[in-house]
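Structure, as structure tokens:
What you see is a predicted model, and the numbers here were worked out from it, not measured in a lab. We count residues from 1, following the sequence as given.
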Amino acid sequence: MKESLVSLQNVTKFYPTPKGKKMILDNVSFDIPKENIAVLGPNGAGKSTFFRLLGGVEYPNKGKITSKGSMSWPIGLSGGFQPSLTGRQNAFFVCSIYCENKDEVQKKIDFVEEFAELGSFFDMPIKQYSSGMRSRLGFGLSLAFDFDVYLVDEVTSVGDVNFRKKAQQAFAKIYEKATVLMVSHDMNTLRTNCKSAILLNNGKLKYTTDINAAIEMYLKGNYND
């Protein structure tokens, strides 16, 4: 049996809408194995919500999610920052929670500033950022810390060619030491970096050990095989 890092136990997540419940997960129980996994599903299936649940940014309506290791916040999602604060102030807030002393806090902030390549925007309010700039800030913050599991949402498509190359190089190092769950519309990226896949659709979660078979199901819109 494969070692698991994250366990979903009878997890239900939905959003109320004028037409009824929008179901993301419907009483799902699943142990996520310790391996790099693609997360696939049609638009609106809840891939980003799934990441927010795993990262503790949101909570299920029912059930519980437990983790045996440290979990990154969802890298690539533009939410989660305080928009009235600057990038530096947001970074300081996060680093103050995770770091043991002021020197370590400053080292992490310096790393984030250099990696995110925001220039003068680092000292401007987040509300003035584009979604890509927010993603780069979140990416830099995540790389500043060592996690057992990284949640990655389209981050390798952020920024110009040089930044994407730097992002890919950073992930090459992450793959050597941690587990990665990745959402991407680039199937080649998923084939290269992931071994298996989770498919989300209509509140159901399907896991397959064959990444190529999963991608074929996704491209055909067939989630029931």
Side-chain angles (χ1 to χ4, degrees), residues 6 13 15 22 24 39 43-61 65 67 69-160 162-171 173-174 178-185 189:
V6 186
K13 178 65 178 181
Y15 297 106
K22 169 60 179 176
I24 306 300
V39 179
N43 290 337
K47 300 183 292 294
S48 295
T49 299
F50 180 60
F51 271 10
R52 288 195 292 268
L53 288 168
L54 295 180
V57 179
E58 291 193 32
Y59 296 95
N61 299 96
I65 299 173
S67 175
S70 57
M71 184 84 60
S72 80
W73 45 83
I75 309 170
L77 297 179
S78 59
F81 293 116
Q82 171 51 252
S84 62
L85 298 180
T86 67
R88 187 183 302 277
Q89 290 169 331
N90 273 276
F92 176 81
F93 175 77
V94 172
C95 293
S96 296
I97 295 174
Y98 283 86
C99 297
E100 296 181 356
N101 56 65
K102 292 182 179 179
D103 289 341
E104 186 179 359
V105 168
Q106 189 57 53
K107 287 180 181 179
K108 300 295 187 186
I109 292 175
D110 289 344
F111 172 85
V112 174
E113 181 176 15
E114 187 278 330
F115 191 92
E117 297 181 357
L118 295 172
S120 61
F121 277 93
F122 194 57
D123 290 301
M124 294 183 185
I126 292 287
K127 60 186 177 183
Q128 297 183 17
Y129 286 21
S130 66
S131 60
M133 292 167 70
R134 292 190 184 199
S135 296
R136 284 158 58 178
L137 178 62
F139 189 18
L141 267 170
S142 295
L143 291 180
F145 301 93
D146 291 327
F147 295 103
D148 296 309
V149 183
Y150 286 82
L151 306 172
V152 183
D153 193 339
E154 292 288 2
V155 75
T156 53
S157 65
V158 172
D160 59 20
N162 289 332
F163 187 86
R164 291 198 296 271
K165 183 178 180 180
K166 183 165 69 170
Q168 291 165 356
Q169 291 173 341
F171 272 111
K173 296 179 180 179
I174 288 175
T179 296
V180 174
L181 273 66
M182 177 179 288
V183 170
S184 178
H185 286 96
T189 295

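- Summarising the geometry, atom SG belonging to Cys99 is positioned 4.0 Å from atom CZ belonging to Phe145; distances are rounded to the nearest 0.5 Å.
- Two residues are said to be in side-chain contact when any heavy atoms from C-beta on lie closer than 4.5 Å; Cys95 and Leu141 meet this criterion.
- Applying the side chain to side chain contact (heavy atoms under 4.5 Å, CB included) rule to Phe92 yields the partners Ser96, Val105, Ile109; only residues at least two apart in sequence or on another chain are considered.
- Residue pairs satisfying the salt bridge (charged side-chain N to carboxylate O under 4.0 Å, His left out) criterion with at least one member in residues 93-111, sequence neighbours excluded, are absent.
- Of all non-hydrogen atoms in Pro125 and Ser84, the two that sit nearest each other are CB-O, 4.0 Å.
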Original post:
Are Leu54 and Ile65 close enough, and set up right, to give a side-chain contact (heavy atoms from CB on, under 4.5 Å), and what steps lead you there?
Top reply: CA-CA 7 Å; Leu54 295 180; Ile65 299 173; 4.2 Å; yes
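- Across all non-hydrogen atoms, the minimal contact from Lys13 to Thr49 is CG-CG2, 4.1 Å.
- The CZ atom of Phe81 sits 11.0 Å away from atom CG of Leu85, with the distance rounded to the nearest 0.5 Å.
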**OP:** Show the numbers, then the answer: is there a side-chain hydrogen bond (donor to acceptor under 3.5 Å, both in side chains) between Asp148 and Ser70?
**Re:** CA-CA 5 Å; Asp148 296 309; Ser70 57; 3.2 Å; yes
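- Closest approach of Gly140 to Phe115, counting heavy atoms only: CA-CD2, 4.0 Å.
- Partners of Lys127 by side-chain hydrogen bond (donor to acceptor under 3.5 Å, both in side chains), not counting sequence neighbours: none found.
- Taken to the nearest 0.5 Å, the CG atom of Leu151 stands 11.0 Å off from the CE atom of Met182.
- Contact check for Gln128 versus Met133: no side-chain heavy atoms found under the 4.5 Å cut-off.
- Glu113 contributes atom CD, which lies 4.5 Å from atom CZ of Arg88 (distance to the nearest 0.5 angstrom).
- By the 30° and 60° cut-offs, the orientation of the rings of Tyr150 relative to Phe147 is perpendicular.
- Below 30°, between 30° and 60°, or above 60°: for Phe121 and Tyr129 the angle between ring planes is above 60°, a perpendicular geometry.
- Considering only heavy atoms from C-beta on, Phe122 comes within 4.5 Å of Leu137 through its side chain.
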